[in-house]
Amino acid sequence: MALVVEKVATSPFEGMKPGTSGLRKAVQVYQQPNYTENFVQATLTAGLGEKLKGCSLVVGGDGRYFGKEATELIVKICAANGVSRLLIGQNGLMSTPALSCVIRKYKTDGGIILTASHNPGGPNGDFGIKFNTANGGPAPEAVTNAIFEATKTISEYPICRDLKIDLSVIGRKTYEVNGQTFTVDIIDSVDDYCNYMKEIFDFNSIRTLLSGSDGRPPLNLLLNSMHGVMGPYVTKIVCGELGAPESSTVNCVPLEDFGGHHPDPNLTYAADLVNELKKGQHGFGAAFDGDGDRNMILGRNAFFVTPSDSLAVIANNMECIPFFKQSGVKGYARSMPTAGAVDRVAKAKGKEFFEVPTGWKFFGNLMDAGRLSLCGEESFGTGSDHIREKDGLWAVLAWLSILAHTKQSVEELIKDHWKQYGRNFFTRYDYENCESGSANTMMENLNNVISSPELIGKKFTEGSKSYTVAKADNFCYTDPIDNSVSKNQGVRIIFTDDSRIIFRLSGTGSSGATIRLYIEGYEADISQHHLDAQVVLKPLIEISLKLSQLRELTGRQEPTVIT
Ligand code: VG1
Ligand code: CO
């Protein structure tokens, strides 16, 4: 079928600057005439440059409200721009890690992900668009900056308005646009990813762990997909391939509004899972976010594994995962605010170690250069160089592999880890939706505090605890591969005992400002390891709040979320 290309005149919208992970805005903002079209066109123009004509792309999303409309627009605009092939997840669904996997497997020129990840969805929720490059990873800052520049000058976009596709039917459709062939492949959202997981892990050993067929009691799982995109992946892989009963999964039907909840796997928004695990019937629990790249791991009785510890435990047990036996274990990395547990494993194992700014895009270059195997963020992100996104289900399968191999429980593994390496106590306080002006004032004040020469060596006392400042700065990162520099990535104050307090503003919110306060304290003494992180870190939290005047400036006495 031959299609007509129409040129539509448009004008720029303000504020289309991608944040930590794509452009996230209220659905109503995206629904404005030409808003989505402008951003898609800018993404194609600046993201692909000369490769645009004749390129192939993967498109998929987390199933949130407005995803189908946006997918249809993308098809029409890609066709008109001379894109030669699109691979689209059935019904527009594809988890972020699966999309990364598909880009790499079919060697496409990149992909477009329709998600606002853990942000709420629905007509009054958020929507988001993110561009990934040919390595399967989130576009680096140079590319997202170029996209932003393109949004400022856009004056028209081409569209094949008559192109109608049925996203629900798997199969190939071809069209003719300006004498060239345009191919749309609707593919199964799970198959390629599932096959890859089978290559990476030893499914037999996980099957045995779950069924208890080696004489041990079966491991009862509870996996909560939070009505995000993960439902079909969990059903097919964990139930279908690994034989877990259906009762070990909840909230597996993707909903456009995630059932009205935040699809965010943390102790606050996944409280249902925590409460269920507290009953002691399950030996392992996990939750995923809307687009499936985050994971929260719990042991029996809701024993909470901090993402920083999860990363360190996986780093310490890489031999349990067949993929790394083949590819070898290269370096380890974490984002700056993530607690330093993995640093100690890297040191003990003699591996190269990297500390990068917040956001998965900073890991990609290191992986592409063959220097990084495993990395993570405190925000429930864990992943490896099998793809170029963090990967929630991969993390669960990694944990199950370790449990199968070591024959230990989650709690035993963590406690043994602390015994060997000491414990990095960690907590994050989120103050969501603060007024932007006061949040910015607070950050400005903090920048002044850290630039004062008197701060170094200064002693802060709270109750019976004292901390002396060893170093203070606003984190600046130079990428070791391409030497690109990312400044102002968070104010950090590091004390002489390696404790840290870190402040930064979120780059994933769609309105107002979210302040994140990260607190870390290290304890080598095993007699202290059982203590509650909130208790251990209380003096540091108090010091942070006083130093920043957060309560006075924002009027917030308590955080919205504590993890
Ligand atoms: C947050 C997390 C960050 C993560 C990002 C995207 O960013 O802190 O670690 O990479 O979300 O995760 P920010 O700027 O709000 O702190 V996701 O699951 O939204 O793709
Ligand atoms: Co996510």
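First listed ligand is number 1; within each ligand, the first listed atom is number 1.
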- prompt: Looking at the Co ion (ligand 2), is one of the N, O or S atoms of Asp62 less than 2.8 Å from it?
  reply: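 It does not; every qualifying atom lies at 2.8 Å or beyond.
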field: Residue Ser117, metal the Co ion (ligand 2), N/O/S under 2.8 Å
entry: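 Checking the Co ion (ligand 2) against Ser117, an N, O or S atom does fall under 2.8 Å.
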Pairing of [X] and [Y] as salt bridge, 4.0 angstrom limit:
{"X": "Lys330", "Y": "Asp385", "result": "yes"}
{"X": "Arg504", "Y": "Glu378", "result": "no"}
{"X": "Arg551", "Y": "Glu542", "result": "yes"}
{"X": "Glu377", "Y": "Lys361", "result": "no"}
{"X": "Asp430", "Y": "Arg428", "result": "yes"}
{"X": "Arg388", "Y": "Asp368", "result": "yes"}
{"X": "Arg64", "Y": "Glu256", "result": "no"}

- prompt: Between Lys130 and Ile112, is any pair of side-chain heavy atoms under 4.5 Å apart?
  reply: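 With C-beta onward as the side chain, the pair stays apart.
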message: Which option wins on minimum heavy-atom distance to atom 9 (O) of ligand 1: Gly507, Gly381, Ser379, Gly376?
response: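 Closest candidate by heavy-atom distance is Ser379.
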task: From atom 11 (O) of ligand 1, work out which of Lys361, Arg294, Arg516 has a heavy atom at the shortest distance.
output: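 Closest candidate by heavy-atom distance is Arg294.
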- prompt: For ligand 1, is there an atom lying under 4.0 Å from some heavy atom of Met336?
  reply: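 In this structure, Met336 fails to qualify as a contact of ligand 1 - no heavy atom is under 4.0 Å.
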What residue and atom, counting heavy atoms only, is the protein's closest point to [atom], and at what distance?
{"atom": "atom 20 (O) of ligand 1", "value": "Asp293 OD2, 3.1 Å"}
{"atom": "atom 8 (O) of ligand 1", "value": "Arg428 NH1, 3.6 Å"}
{"atom": "atom 7 (O) of ligand 1", "value": "Thr508 CG2, 3.5 Å"}
{"atom": "atom 17 (V) of ligand 1", "value": "Ser117 OG, 2.8 Å"}
{"atom": "atom 4 (C) of ligand 1", "value": "Glu377 OE1, 3.6 Å"}

Under 4.0 Å from a heavy atom of [X]: which atoms of ligand 1 are those, numbered in the order shown and with their elements?
{"X": "Thr358", "answer": "3 (C), 8 (O), 9 (O)"}
{"X": "Lys390", "answer": "4 (C), 6 (C), 10 (O), 12 (O), 17 (V), 18 (O), 20 (O)"}
{"X": "Gly359", "answer": "10 (O)"}
{"X": "Ser21", "answer": "6 (C), 20 (O)"}
{"X": "Arg24", "answer": "17 (V), 19 (O), 20 (O)"}
{"X": "His118", "answer": "11 (O), 17 (V), 19 (O)"}
{"X": "Asp289", "answer": "18 (O)"}

Contact check: [X] vs ligand 1, nitrogen or oxygen atoms, below 3.5 angstrom:
{"X": "Tyr518", "answer": "no"}
{"X": "Thr20", "answer": "yes"}
{"X": "Lys130", "answer": "no"}

field: Donor + acceptor pair across side chains of Asp272, Asn224 (<3.5 Å)
entry: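 No pair is found: no donor N or O on one side chain lies under 3.5 Å from an acceptor on the other.
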- prompt: Between Ser484 and Asp479, is any side-chain donor less than 3.5 angstrom from a side-chain acceptor?
  reply: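 The answer is no; no qualifying pair exists.
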Ring geometry between Phe66 and Tyr30 (parallel below 30°, tilted from 30 to 60°, perpendicular above 60°):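 Tyr30 vs Phe66 ring planes: tilted.
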query: Aromatic rings Trp399 and Phe284: how do their planes relate, parallel, tilted or perpendicular, breaks at 30° and 60°?
result: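 Aromatic pair Trp399/Phe284 classed tilted.
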- prompt: Among the N, O or S atoms that Asp293 has, which is closest to the Co ion (ligand 2)?
  reply: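 Of all N, O or S atoms in Asp293, the Co ion (ligand 2) lies closest to OD1.
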field: Gap between atom CE of Met367 and atom CZ of Phe362 - 0.5 Å precision
entry: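 Here the interatomic distance stands at 14.0 Å.
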With a 4.0 Å heavy-atom cut-off (strictly under), which part of [X] contacts ligand 1: side chain, backbone, both or neither?
{"X": "Ser506", "result": "both"}
{"X": "Glu389", "result": "neither"}
{"X": "Thr115", "result": "neither"}

- prompt: How far apart are the C-alpha atoms of Tyr421 and His417, what are their side-chain angles, what is the distance that settles it, and do they pass the ring pair (Phe, Tyr, Trp, His ring centres under 6.0 Å) test?
  reply: CA-CA 6 Å; Tyr421 291 101; His417 191 90; 4.6 Å; yes
query: When you draw lines from the Co ion (ligand 2) to OD1 of Asp291 and to OD2 of Asp289, what angle lies between them, to the nearest 10°?
result: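 Approximately 80° at the metal, rounded to tens of degrees.
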- prompt: Under the criterion side-chain contact (heavy atoms from CB on, under 4.5 Å), which of Val229, Asp264, Val234 is the partner of Phe288?
  reply: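 Result for side-chain contact (heavy atoms from CB on, under 4.5 Å) with Phe288: Val234.
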